[in-house]
Number of protein chains: 2
Amino acid sequence: MARPRQFDEEQVIRAVRDQFWDAGYAATSLEDLVRVSGLGKGSLYGAFGDKHRLFLKALREYTDTSGGYLREMLASAPRAVDALRAFVMAPVNDPGGAAARRGCLMANSTYELATSDPDVLAEARRTYEATTALVAESVGRAQDEGDLPRDVNPVEMARALLAAQQGLVFMGRTGLDIDTLTATARTLAVKLLPDA
Amino acid sequence: MARPRQFDEEQVIRAVRDQFWDAGYAATSLEDLVRVSGLGKGSLYGAFGDKHRLFLKALREYTDTSGGYLREMLASAPRAVDALRAFVMAPVNDPGGAAARRGCLMANSTYELATSDPDVLAEARRTYEATTALVAESVGRAQDEGDLPRDVNPVEMARALLAAQQGLVFMGRTGLDIDTLTATARTLAVKLLPDA
DNA sequence: GCAATTATTGACCGTGCGGTCCACCAAGCG
DNA sequence: CGCTTGGTGGACCGCACGGTCAATAATTGC
């Protein structure tokens, strides 16, 4: 055998992901990636391929962990409607308001690259569809539990909730302060997910 | 006096704006700008300053005309609540689905640049505040006309409607087809702006 | 029609980028 | 121990980018 890797692959991917998250794709140079990863250019290329492939790996890491959080969030509340409220409010409940500051990596990437990069567009669609399906399931449960009217089909409602959530993320990126953002989130939650 | 300009400044700004709109800031090269404007590099610099200043001018042009459309839209409907419905549905009613395809230039710019460019962030806040104020005025009118409940203050409601609209724009950028997007827009409009 | 002034053009420049390559080095095996 | 294998790091490359500049053209005032 030969010399083994001297770094933790997942740790590197997470560092790279944070860099792309903070600065975006184009604004992140290879030098930045070398700095945050602690690796040399050659090692980075040998292990992960070029900048684009590395980005896709980081993006996938993000969507995987976000998807995990989402499942957790939807499963944890005793009543499905409360889980949906938490889903809408997620951008402002994130500790430290991190989501409000740097937004959602998937959304950032969609805005920056989806029109020109088919891989990113595909990942965006994949993530969007998976999220819609998960949320729709909870909407159905909330309807079964009698907490949500049956006048809208679950998938439609899920898309509306997702749009509302992403709209909040956008408002956060305009620098809106967290209290105002929270109030807006509540307004949306109240209107879209009424008490009965 | 000396030699006069041989081009229409506004026409150039609009061409430049469309280029930034289609491709984003970083992905637009000076060569692209020279091509779409029909001017030489020197003329572009002499007339508008560097790429960043040119971008800010194009962005301002966009927000000015969008603001004009918004005023028109809000003023044209006989009942304020219908104007608000049109506001939420605007991203899908845009002829040709242009808004759904390339989104909103201000939103695109916010996502790409707001974290690193104070000028863009300032413009985003300015636009967001102006839009909120205009929409809030219509919300107040709709309440006066008895079409909207008085349980939420107009500014809060305006922010919620703006978030919903921008959420729709985001969904459009993930490549969601226009029919599905329209259905989602309707769901949001129905829930946020009920008939009575 | 000449002088003064400003727009126009495109060749040119320095820089920083993404990407490559190779000399060096650590680990396992006989 | 030395040989083989593959990881490592940084010097290096070509290129495309944003930006500059000097020669030239067009217009007006006198």
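Below, chain A is the first sequence line, B the second, and so on; all start at residue 1.
The pair Arg14(B)-Asp8(B) does not count as a salt bridge, with every side-chain nitrogen at least 4.0 angstrom from each carboxylate oxygen. Residues Arg102(B) and Asp18(B) are paired through a salt bridge, judged by an N-O separation under 4.0 Å between the basic side chain and the carboxylate. Classification of Asp32(B) and Lys51(B) as a salt-bridged pair fails, no side-chain N sitting under 4.0 Å from a carboxylate O. Taking a cutoff of 4.0 Å between a charged side-chain nitrogen and a carboxylate oxygen, Arg35(A) and Glu31(A) do not qualify as a salt bridge.
Counting to the nearest Å, the P atom of dG19(D) and the NE2 atom of His52(B) are 10 Å from each other. The interatomic distance linking Phe55(B) (CZ) with dG18(D) (C1') rounds to 16 Å, in whole Å. Atom CG of Leu39(B) is separated from atom C1' of dA7(C) by 10 Å (rounded to the nearest Å). The separation between Lys51(A) atom NZ and dC17(C) atom C1' is 9 Å, rounded to whole Å. Nucleotide dT9(C) holds its C1' atom 15 Å from the CD atom of Glu31(B), rounded to whole Å. If you take CG of Asp32(A) and C1' of dG16(C), they are 12 Å apart, rounded to a whole angstrom. Going from atom CG of Asp8(A) over to atom C1' of dG7(D) covers 16 Å, rounded to whole Å. The separation between Arg35(A) atom CZ and dG18(C) atom P is 12 Å, rounded to whole Å.
Nucleotides of DNA chain C nearest to Phe7(B) and Thr28(A) differ in position, and the one nearer the 5' end is that of Phe7(B).
DNA chain D lies under 4.0 Å from at least one heavy atom of each of the following residues of residues 41-48 of chain B: Lys41(B), Gly42(B), Tyr45(B).
Within the structure, the ring-ring contact (aromatic ring centres under 6.0 Å, His included) test picks out the following pairs touching residues 49-70 of chain A (sequence neighbours left out): Phe20(A)-Phe55(A), Trp21(A)-Tyr62(A), Tyr25(A)-Phe55(A).
The only member of Arg159(A), Gln166(A), Glu123(A) that meets side-chain hydrogen bond (donor to acceptor under 3.5 Å, both in side chains) when paired with Tyr128(A) is Arg159(A).
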